[in-house]
Each structure stands twice: as C-alpha cells, then as structure tokens.
Amino acid sequence: MKRWPYWVLGFWLVVVACSLLYDMQPDAISLEQVLAPPGKSTLLGTDDLGRNIAVRLAAGAGVSMLVALAVTAVTLTLGTMIGLLSGYCGGWVDRLLMQVTDVFLAFPGILLAIAFAAVLGPGLDNLLLALCMTSWVGYARLTRAQALSLRQRQHVQAAQSLGASAGRIMRKHMLPLLAAPLVVEATYSIAGLVIAEASLSFLGLGIQAPHASWGSMLRDGVRYLLVAPHYVLAVGISLMSVVLAVNVLGDQLRDAWDVRRAKD
Amino acid sequence: MPRQVLRLGALAILMVASLLLLDACSRDSRPGEIRSAVSQLPQTLDPRYATDAASARVNRLLYRSLVDFDEHFRSTPSLASWRVLSPRLFRFTLGPSGRTFHDGRYLTAEDVAATYQSVLELPDSPHTGEFANISKIEVRDENTLDFFLNEADSNFPARLVLGILPAELIARSHDFSRQPVGSGPFKFFAWHRSLNLDRISDKQRFVFEEIRDPTVRVLKLVRGETDILQGDLPPELVGYLQKQPGLHVQESEGSNFAYIGLNFQDAVLQNPLVRQALAHAIDRQAIIRHTLAGGSRLAETILPPEHWAGNASLEPYTYDPEAARELLHRAGLSLPLKLVYKTSTDAQRVRLATMMQAQMREAGIQLEIRSLDWGTFFDDIKRGNFQLYGLMWVGIKTPEIYHLAFHSSSIPPKGANRGHYIDRKTDELITVSDWPNATARIHEQLPYIPLWYEGQFAATRKHIVGYQLKPDGSWDGLVNVKRSKLKSVFPGKNTLEGF
C-alpha cells in the first residue's frame, strides 16, 4: 500500500509513453459526439468538440511531464550552481547573488510567471521560460544554506589545505552531500510545476488550442460542469492523482534519507 | 479555564454572526427589482461613441431616436415623421411622444440638430462617416427641422437612429458615457458595479450585472439571484436551462450575422481563389447543427433574407475540402497554407475557431488561432492588424451596412471596411443602392466569409411575465416585462434557506 505513488506515477509514465509511440489523434474533432458521457466507444467520454477525453488526458499528461521535468532539470542545475557559488565563496559574491535571489523570492512565483507569459505571449516555449525564471530560487536558497555549513566541515577544509581547486571541492566534496535534500526539494517542485503549468494554461497563457493540456481542459470542463460533469471530473482526478503521488513520494524520500529517522 | 470558554463562546458568536451576514448578503436585498445577468456591460452610454452590442442595446432603452424599424426592417417614425421635399431635402416633424428628457427638459428640434451637429463635428466619433452626406441641418420651429444632403439618398431616414441628447448638455460637454440623459423609456439611476436603470412608466428598477462566466450566469438564474438571461450561452447550457423547473426558455431565429473577415492587404488573401477555398473549407451546417443555439441558420450576406434589402437567391458555398484544395493549387500555393485567425478569449468563440481549424486542415489550410482579450483584439481589427478574424454584426437594420463595411471610402477610421476591400464595381453598386447586385458581387468577391445568423434565446424565471425576445438580441423586451406579485410574498423561496 505504501508503494501506491510509484504505481500512479508508473501508470502515467506508461500512458505518456503510449501517447508518444502511437498517434492517437487527440485533436480529432467529431461533432456528432459532442459531450458524450463515458461509454462503449470512449472510455472517459468526449469533450465539447467531440474529442476523446482519455486520449487528450494522455496528451496533456505528456505536456505536464515535459514541462515539469524540463523546468526541474534546468532550474535544479541553475539553482544549485548559484547556491553553491554563493555559499562557498561568501563575501560580495554571496551578497550579490542573494540580493538577486531575494528579489525573485519576494515576488509570488505564479504571478511572476503570469506576468512573463503575458508579456512574452502565450505558448509552450514562453511557458517554460516563465516557469524557469521563477522556480530556481528554492534550490539556490537551499543549496546556499547547506553549503555554508558544509564549508566548515573537516573534509572540505582538508581538501582545501591539500590544494584542491574550488570547482573540484564543490563538485566532489559538497555536491554529493547536497544531493539528498535537493532531490526531495525537486520532487516537491515537480508537483508545484504540474500545478503551475495547469494554472497558466487554465488562464489561457500556456498551451494554445487545439493542443491538449490539463489546465485548458479543466477550463473547458468547468464551462460544462452542469451538463457534462464527467469532463471536469476526469481531468481533476488525473491532476490530483499526479500531484498527490509526487508529494507523497517526496515525503517518503525525505523520511528514508533523514539521518535522525533512519536511526530509529 | 473560564477565560477559554469565554473566548470560544465569543468566537462561536462571531462565526454565527458572520454566517448570518453572508446569508443576508446572498439574498435579494431589494425584492422589487428585476435583475438581468449579462456577459458584458456597455462600454459607453454615449450613443455618439457606442459601437459594442451591449452599449447599443442599453442606449436603445435610454434614448429615443428620430426613426425606428418595424419587424421587416423598414423605417418607421419614432420621435418624428418625415416628408421628402426633394431628393436632397428631408423635413422631419417631431411627434407628441417621447419628448421629455429625464432631467425634465422638453425635447425640441434644436436638440435633434445639436445631436447630429455634434456627431459631425466630433473628431473621434466612429459614427461621423455615416452622416457625411448631411450638408446642412436647419431648424424651422420647435417641432420641425430640415436635413439638406450633398447627394440624393432615398434611404436617408433609416440612418437617423442615433439617440437624441439635450442640446444644452452637449454645449457643456456633459459626460454622457457615465451620466446619460435621454428621453427613452428608461432613466439612468446608478452605475457602480452593476448598471441600474428605472423604467419611467412604473418606476420599476432594473439591474444589469456583468457575470463573465456562463456557468455562473446559469446558476444565478436557477438559484433565483437573477431574473433574466439572454444570449451568450453555449447551446448545451440552454438545453440544461430548458430542463429546470421554474424557468421559461424562449428560442427564436436571429438576425445577427457571424462572419470571418479577410485582410486584402495580405498578398495571399488578395487572390480570389484563396478566398473561395476558405469559403469551401468550412462545414457550416455541421457547426450549426451540433454546437449553435436552436434558431441558428446559414447566412450568405449581412442582412437576412427576410429583410427588404436581403438577397435570398445567393448560392451557398458548400463544404467541399477537395474543391478547396483544388482552388489553392490553382492559386499556385504550396500546401499547407498557413493563416492566422484572431478571435476573442470567449470560450464559445475559441470553440468555433477550433472547429473551423479542424475542418480547414482537410482542405490543406493550417489555421493558427490567436485568442486575444477583447480590447487588444478589437483594436487589432480596427487597425487592420490581422489576416483573418471572426466577428459578428449585431443589430444591423439597414443596407447602409454595406457602405460601412465594404465601400472603399469606409476604411477605418472613417468606417468599418477593416479588411481594406477596394472594388470599383462594388462601390458603384452600393452608391446606386442596387442591393441585389451589390450583395451578389460581395458574395462573389468574399471580403467576408459568411457564416451564420446566430439563433436567439432568453431564459426568464417564471414570475417574470411578458418578456419578448427580439431577433437581433436587443433588450427592448424589457419595456413590457412585468414581475408577477407572487414572488414578493415569498422572497426567500428560491434562495437557500438557513446555512
């Protein structure tokens, strides 16, 4: 039972893989079947243009995963580098980088992303850019805090006195010790990014019609809440399952890697 | 311990009080008023500037014009009757009705002259072009005035549908857009979040609330928080309303013309073959059948066939993707042809655009949909910054629309020829008012791809009686609507009881 997050995420991975391997035509319109409830021909019914909701959910899952993974990869790298540099070097480098980080931190992330998307225009590329711009901050602060304490550790000082370069120390002696908290942070951030992508698409600033995205599907579904509740339920439950699974997974990872808990 | 109990008690009282307050707020505070939920409130209440549908509809309630229309779209006297003294001279005589402005002034020929004079002189009125033919306005006495024209225009009275404003306030540059003063059946009361009007005849208060979300509008009607709902709903929700008890839903054919506008400044769209291909690439019948309101029907030109200047003999462009492909090949284009289609963010408009996008794909046309917020969208259209756009002509009554939309002299800001369509033959036909041939020429040249006349519907709560639905979607039915007494006896009947 404890393994359910793996099952849920595994299921969505398979779904995305299938939608990539076979072109299931998520945009194929069939006006005869507008808002048909779940039945024999379609597993989860059809949307307001007669498109198969199940197929569109799969396509939307692909977009969600692409956004979450791509943004996490970029921001994890960027944030960790900034944090390490800041924490290890200290002095004016630290002050400068942290000032910049604080400015980004002071803004509510999703609002900044909305502003970016609004200025740059809607679309997947701008959505990625907007989310990257806002979500590296968490990693930077976390890494810096850890790096500050790691810098005082004896193995780091030993490496320094042996003449190792700053790059080598950061890479070989600090990064491995940072990995665990960063991975936990990344899992939480993936859940946040799935929601953020859906929110921006919900507001019409993300993926553009006719391409499927969970956010825009949710927006369309809400319009027909009274006549076709299956639509919004299918999207809502999918979104919830992924976010919940990723969060629970993050919790489990944190517990597993926590030194204090591990001793018990 | 007793302190804690006290604190908890205070908290509980506070919560109950706030809940009661919330409940009181959700209830109808003034049970006597008639509320209408609309998707968009007017942009301006000054008829000299109004161009959007909501403004035009409210202005018809607030102001009276010289001339109005009967159900066959023929001009009939409203404030004034007229005589044709010569082809270039019209004499208007004001009748006895509708002569009192809401501030108590008496409406005279001076007010009429001042209103039209100000439209002619305003530098930024979108209606100036419509009256360019007037050379002089002469007031003869309190009830009579003469319009002198530059060129003969037998259809001139039909243009005089502008609401009449008091001359004195025009001279003082009064802000009619927020503080309207007219002589119509409704008087302006207040406009904060909702627009409040009072019906002069019985002091009935009408409240117009802007509720953007269609589902919320429907729920408000079902819950009894609003009384009248008209237009702007996806047909599925109309079907839902029909099934609800306590509501009355009317459906009728409409006369509002939906179309796709094309930009003739665009090299590809200048080619008539491409325009024909586009017309053949849309399956209008299927869209009408499956996703439009009940009374919707195919359209070929702006005025519907029952209009006296309508043209019922136009051969519809049928859906034929193969023919469309063929036409594009003949135009020497390599497929897919990429085009950008601009529309508003309204979900139903985006939905229609998505359908057309899918249908056009069959014909080798790759349509990119740009949905923009209304302000940006309309601004782009007026400035000619588009390839294709989807819009609707609302409340059109006279064939003057062909001059406004297709004559080469009507390129914005002078008119609404937004696609810069310039065709000598069309100009000639419009100038001589040869409507059968003008509409045929336009239909053949395709400055617009005609789509459909959107059906109308209105849903009212059962205690609202006498609301009559108009084919152009106007709100004129509010003049006669009544609230039956039953509702005020049980004011809380349709709201949630308790909490």
Side-chain angles (χ1 to χ4, degrees), chain A residues 23 25-37 45-52 55-56 59 114-115 117-126 200-213 215-233, chain B residues 39 212-223 232-244 282-292 319 340-362 366-373 376:
Chain A
D23 180 19
Q25 297 187 321
D27 303 336
I29 285 173
S30 142
L31 293 181
E32 285 75 30
Q33 291 212 54
V34 166
L35 293 176
T46 56
D47 71 357
D48 56 334
L49 290 167
R51 298 175 293 200
N52 190 327
V55 171
R56 286 183 71 73
I114 289 173
V119 172
L120 299 171
L124 183 58
D125 40 356
N126 291 338
L200 288 175
S201 297
F202 187 89
L203 296 171
L205 295 168
I207 314 299
Q208 291 297 289
H211 302 299
S213 137
S216 53
M217 287 175 78
L218 205 56
R219 180 190 54 197
D220 290 346
V222 167
R223 296 184 69 222
Y224 304 102
L225 191 60
L226 295 172
V227 280
H230 66 270
Y231 188 6
V232 75
L233 276 178
Chain B
S39 62
R212 293 271 173 93
D213 189 273
T215 307
V216 177
R217 281 202 298 278
V218 166
L219 286 174
K220 272 189 167 277
L221 184 72
V222 172
R223 245 178 77 94
D232 289 325
L233 281 188
E236 288 81 7
L237 286 181
V238 180
Y240 173 81
L241 284 174
Q242 275 161 341
K243 282 186 235 144
Q244 301 304 309
I282 304 169
D283 188 356
R284 299 183 289 165
Q285 287 288 11
I287 294 178
I288 290 172
R289 198 163 49 241
H290 296 292
T291 55
L292 287 181
Y319 177 55
V340 177
Y341 176 89
K342 287 192 175 175
T343 186
S344 68
T345 46
D346 180 89
Q348 175 76 356
R349 304 286 146 215
V350 177
R351 184 186 184 194
L352 292 169
T354 314
M355 275 183 261
M356 293 192 262
Q357 181 185 47
Q359 291 167 351
M360 285 188 182
R361 200 178 298 133
E362 301 283 308
Q366 197 178 329
L367 202 65
E368 185 192 327
I369 299 171
R370 291 237 179 102
S371 86
L372 308 164
D373 71 279
T376 321

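Residue numbers begin at 1 in each chain, while the letters A, B, ... track the order of the sequences. Since we're looking at a predicted model, the values are computed, not measured.
Taken from CG in A/L226 to CG in B/L241, the straight-line distance is 8.5 Å, to the nearest 0.5 Å. Atom OG1 of B/T291 sits about 10.5 Å away from atom CG of A/L35, to the nearest 0.5 Å. Rounded to the nearest 0.5 angstrom, A/Y224 OH and B/T215 OG1 are separated by 9.0 Å.
Residues B/V350 and A/R219 form no side-chain contact, since every pair of their non-hydrogen atoms from C-beta on lies 4.5 Å or further apart. Contact annotation: the side chain of B/R351 never approaches that of A/D47 to less than 4.5 Å [non-hydrogen atoms, C-beta and beyond].
Ranked by heavy-atom pairs under 4.5 Å with chain A, the first of B/M355, B/E368, B/R289, B/R370 is B/M355. Of the listed residues B/P234, B/S371, B/P214, B/A358, the one with more heavy-atom pairs under 4.5 angstrom with chain A than any other is B/P234. Among B/D283, B/L237, B/T345, B/I369, the residue making the largest number of heavy-atom pairs under 4.5 Å with chain A is B/L237.
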Step-by-step side chain to side chain contact (heavy atoms under 4.5 Å, CB included) determination, B/K243 to A/V227: CA-CA 11 Å; B/K243 282 186 235 144; A/V227 280; 5.6 Å; no
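Within the 4.5 angstrom heavy-atom criterion, atoms from both the backbone and the side chain of B/E236 approach chain A. For a residue to count as touching a neighbouring chain, one of its non-hydrogen atoms must lie under 4.5 Å from one of that chain's; by this rule B/Q359 touches chain A with the side chain only. If you measure heavy-atom distances from A/I29 to chain B, the contacts under 4.5 Å come from the side chain alone. Contact of B/V216 with chain A is not made at all, since no heavy-atom distance falls under 4.5 Å. For B/R361, the part sitting under 4.5 Å from any heavy atom of chain A is the side chain, from C-beta outward, and nothing else.
Of the residues listed (A/L49, A/D220, A/D27, A/D48), the one engaging B/T354 in a side-chain contact (heavy atoms from CB on, under 4.5 Å) is A/L49, and it is the only one.
The salt bridge (Lys or Arg N to Asp or Glu O under 4.0 Å) search around A/R223 returns none, not counting sequence neighbours.
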